[in-house]
Amino acid sequence: MLQINFLRDNKQEVIEKLKVKNFDASSIIDEVITLDDNRKSIQQESDELLSRANSIAKEIGVLFKEGKGTETNDLKEESAQIKEKTKSLQSTLSDTEHQIWEKLVQIPNIPHFLVPNGKSDADNETIKEVGEIPQLPDNKKPHWDLCSQYKLIDFELGNKITGAGFPVYTNKGAKLQRSLISYFLDKNIDDGYEEFQPPYMVNEDSAFGTGQLPDKEGQMYHVTADNLYLIPTAEVPVTNFFRDEIINKADFPIKCTAYTPCFRREAGSYGKDVRGLNRLHQFDKVEIVQVQHPKDSYETLDVMVNHVSSILEELELPYRILRLCGGDLSFTASLTYDFEVYSAGQDRWLEVSSVSNFESYQSNRLKLRYKDENGKTQLCHTLNGSALALPRIFAALVENNQTDNGIKIPKALQEYTSFDIIE
RNA sequence: GGAGAGAUGGCAGAGUGGUCGAAUGCGGUGGUCUUGAAAACCACUGUACCGCAAGGUACCGGGGGUUCGAAUCCCUCUCUCUCCGCCA
């Protein structure tokens, strides 16, 4: 959520920048400012009346103390009138505040100046491509075939017990999965992140804080009996650790990592995109989250990008980094780098990480602040990224490393798997 | 699931109708003292909104009510804790 005063002071700039996200903000900003002007004058009027009411109450108190209780009737009468008036003012005020809120949550975050124009993922900008695309023999297979051949994943069993998009990992598939989780967490911890195991369900306030509500309500599984949401990513619980907090400046940057399963309804997905591990309702992910001082957040974003790169290089996976265009950038992000690995069995690039700076957009919702040099509270910046999402890494590893004799495990993982080939 | 207790500032913990945005302690910041540190002492130390400022307003879990006046009384919701039962 953007701050009203920011919108007031930078109206034209905001309108221009939001065009990159294909969002026309011209009228909504005016509406917000008008409503806010309204709010101010209502509040001013109400505050004056309340101030008078407060002093009346004090006067009456003094009169009673002096034994002049009979002289209070006029004051009581005035107070009753004030109460009448403030009651309606207060209700108009809260209506107005609600209207402002409803407008504000519709305005997306402002894109960073590096974000390219564009309508869809076709317009994303490739900024780096690393590694050789493996040349596999003609009898190469996609991971779903390999997973069934080597008994790594039982998709049918998942269908039976839950439904499509809920795979059952078996045997060395399960071990590989567990190894990847440990490996990713260790890499993140080595880079200075603190490990957490958060809850897998969050309340409404948390889902709002990171921007899942109200924008993406239908994407989450909702446990209605208890009004809790299954997390779509660890970003939600972990970033919400800091909701309603004022951070000590010396604690910047705050670096958290967490492994969690992620639950997504993925309503509307279909076709070859969802085959095998490509798109699941439940999947595993190791997330990194940082809370940073605004002046350092973009430097931090680059550091996070380099960190994710180093993991992919160690796993010997060919990857590319994309800078998302305005049309593909999420509602809440200012700048996002997507990582895609090349999965040679299906000859496709698969997104395995998305690293974003949200600037103060989440912080404003979260009320996540720090005190500046002058002792004034300011909003922090939040960032997060996947390091990394498991299923597509799994798919790419299996596809790229297939040989006639089995699937080879990259060196970096062998100490975790305790095997170097799946036969 | 049954019974009970509670929710106050960064934390602990007073406050049961008026001068309470809230005692006190701890913590934190600044200062005095000291070669330095500790100790001691002094001062400051919640958030948000309006206002150039002075200042004003709101907030003692959320919402509503009683009253001239509510942290304090009433209703309601939510959450937490303790005991019992069940259970990983």
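Residue numbering restarts at 1 for every chain, and letters A, B, ... go by the order of the sequence lines. The figures here come from the full heavy-atom set of this structure, side chains too, leaving out hydrogens, waters and symmetry mates.
For B:rG27, the paired base is B:rU45 (Watson-Crick or G-U wobble, both distances below 3.5 Å). The partner of B:rC52 cannot be assigned: no Watson-Crick or G-U wobble pair with both contacts below 3.5 Å exists in any strand. Across all strands shown, B:rG9 remains unpaired; no Watson-Crick or G-U wobble contact has both distances below 3.5 Å. In this entry B:rA40 has B:rU32 as its Watson-Crick or G-U wobble partner, both defining distances falling under 3.5 Å. As the counterpart of B:rU67, no nucleotide is assigned, since no Watson-Crick or G-U wobble pattern has both distances under 3.5 Å. B:rA22: no Watson-Crick or G-U partner with both key distances under 3.5 Å is found in any strand. When Watson-Crick and G-U wobble pairs are counted only if both distances are under 3.5 Å, B:rG4 pairs with B:rC81.
Comparing A:A57 and A:S79 along RNA chain B, the residue whose closest nucleotide (by nearest heavy atom) sits nearer the 5' end is A:A57.
The CZ atom of A:F242 sits 17 Å away from the P atom of B:rG10 (whole-angstrom rounding). A:K249 places its NZ atom 15 Å from the C1' atom of B:rG28, with the value rounded to the nearest Å. A:D74 places its CG atom 12 Å from the C1' atom of B:rC68, with the value rounded to the nearest Å. Atom CG of A:D244 and atom C1' of B:rG9 are 14 Å apart (whole Å).
Annotation: salt bridge (charged side-chain N to carboxylate O under 4.0 Å, His left out) contacts involving residues 20-34 of chain A, sequence neighbours excluded, comprise A:K11-A:D30, A:E31-A:K103. Among residue pairs with one or both ends in residues 374-396 of chain A, those qualifying as ring pair (Phe, Tyr, Trp, His ring centres under 6.0 Å) are A:Y169-A:F394; sequence neighbours excluded. Judged as a salt bridge (charged side-chain N to carboxylate O under 4.0 Å, His left out), the pairs with a partner in residues 233-253 of chain A (not counting sequence neighbours) are, in order, A:K249-A:E373.
With both ends at atom C1', the span from B:rU16 to B:rC84 equals 32 Å, rounded to whole Å. Taking atom P on both nucleotides, B:rG25 is separated from B:rC41 by 10 Å, rounded to a whole Å. Nucleotides B:rA12 and B:rA70, compared at atom C1', are 25 Å apart to the nearest Å. A gap of 12 Å separates the P atoms of B:rU24 and B:rC42, to the nearest Å. For the P atoms, the distance linking B:rC68 with B:rG13 amounts to 37 Å, nearest Å. B:rG10 and B:rA48 are spaced 11 Å apart, taking the P atom of each and rounding to whole Å. Taking atom P in both B:rG4 and B:rG9, one finds a spacing of 27 Å when rounded to whole Å. Rounded to the nearest Å, the gap between the C1' atom of B:rG18 and that of B:rG85 is 49 Å.
Considering only residues two or more places apart in sequence or on other chains, A:Y193 meets the ring pair (Phe, Tyr, Trp, His ring centres under 6.0 Å) condition with A:H307. In this structure A:T332 satisfies the side-chain contact (heavy atoms from CB on, under 4.5 Å) test together with A:S330, A:F358, A:Y361, sequence neighbours excluded. Residues meeting the side-chain contact (heavy atoms from CB on, under 4.5 Å) test with A:Q149, sequence neighbours left out: A:K141, A:L146. Every side-chain contact (heavy atoms from CB on, under 4.5 Å) that A:L157 has, sequence neighbours left out, goes to A:D154, A:K160, A:V168. In this structure, the side-chain contact (heavy atoms from CB on, under 4.5 Å) partners of A:L114, at least two apart in sequence or on a different chain, are A:H112, A:R323, A:L335, A:Y337.
Under the 30°/60° scheme for interplanar angles, the aromatic rings of A:F166 and A:Y221 are found to be tilted.
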**OP:** Using a 4.0 Å heavy-atom cut-off, write out nucleotides 47-57 of chain B from 5' to 3' as B (base contacted by protein), S (sugar-phosphate only) or - (no contact).
**Re:** SSBS-----BS

Original post:
Reading nucleotides 73-80 of chain B 5' to 3', which nucleotides get B (base under 4.0 Å from a protein heavy atom), which S (sugar-phosphate only), which -?
Top reply: --------

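For A:Q81, the CD atom is densely surrounded, since the number of other residues' heavy atoms within 6.0 Å is greater than 12.
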Between protein and nucleotides 61-67 of chain B, what N or O pairs are separated by less than 3.5 Å?
unit_1: B:rU67; atom_1: O4; unit_2: A:K83; atom_2: NZ; d: 3.4

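Because its NZ or CZ atom is not both nearer than 6.0 Å to the ring centre of A:F283 and within 45° of the ring axis, A:R264 does not count as a cation-pi partner of that residue.
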Please report, to 0.1 Å, the donor-acceptor pairs under 3.5 Å made by any side chain of residues 415-423 of chain A, with sequence neighbours excluded.
unit_1: A:Y416; atom_1: OH; unit_2: A:D186; atom_2: OD2; d: 2.7
unit_1: A:T417; atom_1: OG1; unit_2: A:L413; atom_2: O; d: 3.4
unit_1: A:T417; atom_1: OG1; unit_2: A:Q414; atom_2: O; d: 3.4
unit_1: A:T417; atom_1: OG1; unit_2: A:F419; atom_2: N; d: 3.3
unit_1: A:T417; atom_1: OG1; unit_2: A:F419; atom_2: O; d: 2.7
unit_1: A:S418; atom_1: OG; unit_2: A:K175; atom_2: NZ; d: 3.3

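At a cut-off of 3.5 Å, with distance as the only test, no side-chain donor of A:T96 or A:N38 sits close to an acceptor on the other residue.
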